[in-house]
Structures are given as structure tokens and as C-alpha cells.
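Data block below; observations after.
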Amino acid sequence: MKTPLLGAQMLLVAFGATTLVPLLTGIDPRLALLGAGIGTLIFQFCTKRQIPIFLGSSFAFISPIILGTKQFGISATLCGLIAAGVVFLIVSALVKIRGIGIIERFLPPVVVGPVIMVIGLALAPNAVNMALGLSGTKHVMPTESALLISGASLVTTIVVSIFAKGLLRLMPIVSGVVVGYLLSLFLGYVDFSSVAAAPWLALPTFVHPEFNWQAILFIAPIGLIVTIEHFGDILAISNVVGKNFVQNPGIHRSLMGDGLGTIVAACFGGPPVVSYGEVTGAVSLLKTYNPVIMTWAAIFAIILAFIGKTGAFLLSIPIPVMGGIMCLLFGAIATIGLNTLIHKQVDLTIARNMVIVSVTLVFGIGGMAIGIGNFTLQGVGLCGIVAILLNIILPQPKKASAEA
């Protein structure tokens, strides 16, 4: 009985972040839960159920999904997400054959850092608009009320992430949503009619992918960047548990599990999945290293995906609640990119490094687009490809070899 309860607790830790991604991107939240559950089970199969990790919705794909849906439609965007999963499989094969050094060669910090910053900052205006109560160009509530609600969500998320103790500290997003939701309820901005009308048992709204080369080139490069995040997550859980999971069962197996999980999730309309640092923190705090706990968390996620009222309740959360949390979330993602440059001591006084970072940031944040006929490449996909190509093409001075 203890193991299922611990599994439910792990799902609670991951719940806020896992459901936040679909709420921001317009995907059915129950598809995210289904993808997380199935993805975790696939990951466990690929890694021989040795690593206590839960896969949840990836924040790195929020910007590409939103922008891709606007440009290509959701079905084509799902094709791009599948391609990102395929990239994971390709990297897995390369690591198996050539070792980890092959990734470090083509994706050094000078490439990864600015691309992560673009992922975080590309939709900063959207976060501010939502915090102000705007849905597109339409106000969903008065600006004063929206700022009060979004401010409460933001402050709560910050306070919990910095000052809370124990398990609560691992759930800042859930805490921010709860406070913002309760305040919205008190102010009369929550509509329960859809929740009441929703059935208890219902299939999620499945969406099928549609092949699109532009969407593939727009989104697939993000898969390369997220592999670096994956390496960090596996190293983190290895340190927590005291086992070298990079060697056994092998980083190539964990990459394969993550890639297959993403492909399967995208095949029925869910967002990509990635190993969750929040759950790793919970594993460290509770000293619960049994991977079977994650099996139970995955089972509970799948069960929730087929409860109709789950999605209806999540969709009843007012826009400013999400906007307040996004103001922190997107900035935090950008900060991770900045920290990558700082931690790896990338010297921006070296011309090639400065060129790579500068062009990547301006292309990504400025909305640069390169088109030939009906084909257009822009956004995070474009800046990711440009950063990789610049790193390969530009000569590297001997003095800069260590920094870049």
C-alpha cells in the first residue's frame, strides 16, 4: 500500500508542470497526463526499470508548439514533435556508437545557452498579455482584477520556490495555481458550468499528426537542445541514488526511452515528455529510490486522463492565473540558458563566441524568417540550426578551445 501512495505523491509533485504545458499551448490537459503516464512506462521498459524518473510535459517545447500551431496548425506541429523524438533516437544511436563526446562536440555551451534563452524569451509578450487579462486582443476581465490575480499567482510561486520547506518547495506551480484559482473564485471569475457538464469517464480529445516538412525543420532542432537537458537530469538522479545510470543501464537507453515516449505522446496529440527535475528533488527528499513508485505514478496519470472532469476543471483556470506563473517560468528558462554560458565560462570577448550568441538571440527573439517559395523557417528552429552551423563553420582560436 505504501508504494502506490508514494506514486500518487510523485504524480502530485509533477502534476502542476505537466498540466501547465497543455494549458498554455491549447492541448487537452488529459492528453498530457496520458502522454506522461505512457511515456514513463516506455522509459522504464527501455531502461530495464532501473532509473526512478517520471516523464512529464517538456517546457522547452512551449514556444515551438504555440508558434508552430499558429503557423502550421496543430496536426503539422505534432509531426514536428514526432521528429524531435526521432532526433532523440538518433542521438541515442550516436552515443551508443561514438560515446558522449559526439554530443559535446556539436552542442557546446555556446550553442545550447543562447538557444535556451530564446526558448524562454520568445513568448515573453504572451506572458505579460495573459497577466493583464488579455486573450489575443480581447480582455477576459478588467485589467485591475487580472493584475491582482496574476500578481497573487506569481508571488505565491516565488515565495514557495524560495522559502517553503520539504515537499511543498517542490510544488511552486501547483501552489501558485491554487492561490490564483481561489482568488479568482472569490472575485467571481471562475465558471464551473463546464466542470458540472463534463462526464466522469470520457476519452481525451485525440489529435492525429499530419506530415509537414516546415514543421519538422521548425521544431526538430529543439530535440538536440533538450538532449543536453536530458544528460543533466540523468546525472542528477545518479547523484541522488548513488548509482551511475549513465553507464548502467546507459545514457543511450534513457535517451531512447525519452525519444520513444515523446513520439508516442505526439502520435495521439500530447506534448513531448522529458525527465522531471521536480520528481528527482522529491526522490532526494523522501529517500525513495524504488523505480516501481514511478510505475504507480504513471498508472495514476493514465487513469486521470480518462476522467472527463479533470480536463474541464483545469480548463476553468482563468487566464491571468497562468499569465502570472508564465512571467516567472519563461524568465526562469532564459536564466537557465544564461547560466549555461556562465557556468561553462564561455568567453564572450572571443569574436566567434560573441557572433554565435548575438546572431542566435536576435534571430530567435526578433522573429527572423528564411523562406524559399512556400517554405519558411523561423523561430527557435531557425536559430538552433544557425547556432549549430556557425559553431561548425567559424574557426576556433586555440585560446578559445576550452571555453567554447
Side-chain angles (χ1 to χ4, degrees), residues 3 6-7 9-14 17-18 36 39-40 42-60 88 91-92 95-96 99-104 107-109 112-113 116 160-162 164-173 224-259 261 273-298 332-333 335-346:
T3 302
L6 287 171
Q9 189 167 250
M10 291 299 176
L11 178 59
L12 178 62
V13 171
T18 297
T40 298
I42 291 173
F43 179 87
Q44 290 197 321
F45 175 80
C46 292
T47 57
K48 304 177 181 179
R49 202 158 75 171
Q50 293 186 32
I51 309 177
I53 270 182
F54 182 85
L55 301 188
S57 305
S58 173
F59 286 168
F88 263 80
V91 173
S92 170
V95 170
K96 174 66 174 177
I100 298 176
I102 189 71
I103 306 303
E104 298 171 341
L107 293 172
V112 175
I116 294 177
V160 170
S161 64
I162 296 177
K165 303 294 183 182
L167 195 63
L168 181 62
R169 187 170 185 174
L170 300 172
M171 297 185 287
I173 293 176
L224 283 174
I225 305 304
V226 178
T227 58
I228 302 299
E229 179 185 352
H230 180 90
F231 276 100
D233 290 338
I234 297 301
L235 288 173
I237 193 65
S238 295
N239 292 333
V240 167
V241 178
K243 296 181 180 180
N244 189 349
F245 294 127
V246 173
Q247 295 296 328
N248 184 30
I251 193 72
H252 64 286
R253 284 184 170 275
S254 63
L255 281 166
M256 179 172 61
D258 210 336
V273 291
V274 70
S275 48
Y276 259 23
E278 297 96 326
V279 175
T280 297
V283 169
S284 176
L285 179 69
L286 301 174
K287 310 296 182 187
T288 53
Y289 307 143
N290 186 357
V292 177
I293 292 171
M294 302 307 167
T295 305
W296 279 105
I333 294 173
T335 302
I336 292 172
L338 179 61
N339 187 59
T340 299
L341 297 175
I342 296 172
H343 180 67
K344 297 297 183 179
Q345 299 181 340
V346 176

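Values reported hereafter were calculated over all heavy atoms of this structure, with side chains retained and with hydrogens, waters and symmetry mates removed.
The distance from the CG atom of Asn290 to the OG1 atom of Thr295 is 8.0 Å, given to the nearest 0.5 Å. For the atom pair Met10 CE and Leu286 CG, the distance stands at 5.0 Å (nearest 0.5 Å). Atoms CE and OH, from Met294 and Tyr289 in turn, are 11.5 Å apart once rounded to the nearest 0.5 Å. Taking CG of Asn239 as the reference point, atom CG of Leu235 lies at 6.5 Å (rounded to 0.5 Å). One finds the CD1 atom of Ile251 at 11.0 Å from the OG1 atom of Thr47 (value rounded to the nearest 0.5 Å). The distance from the OG atom of Ser238 to the CD1 atom of Ile51 is 7.0 Å, given to the nearest 0.5 Å.
Using a 4.5 Å heavy-atom cutoff, the side chains of Phe231 and Leu107 are not in contact. Looking only at side-chain heavy atoms (C-beta outward), Val160 and Met171 stay at 4.5 Å or farther from each other.
Smallest separation of non-hydrogen atoms from His252 and Ser92: O-OG, 2.6 Å. Minimum heavy-atom separation, Leu167 to Leu285: N-CD2, 3.3 Å. Minimum interatomic distance between Tyr276 and Ser57 (heavy atoms only, all atoms of both residues): OH-O, 2.5 Å. Contact record, Leu170 with Gly281: CD1-C, 3.6 Å, taken as the closest heavy-atom pair.
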Thr280/Asp233 under side chain to side chain contact (heavy atoms under 4.5 Å, CB included): CA gap, chis, key distance, verdict: CA-CA 8 Å; Thr280 297; Asp233 290 338; 5.8 Å; no

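In this view, Ser254 and His230 satisfy the side chain to side chain donor-acceptor pair (under 3.5 Å) rule, not counting sequence neighbours.
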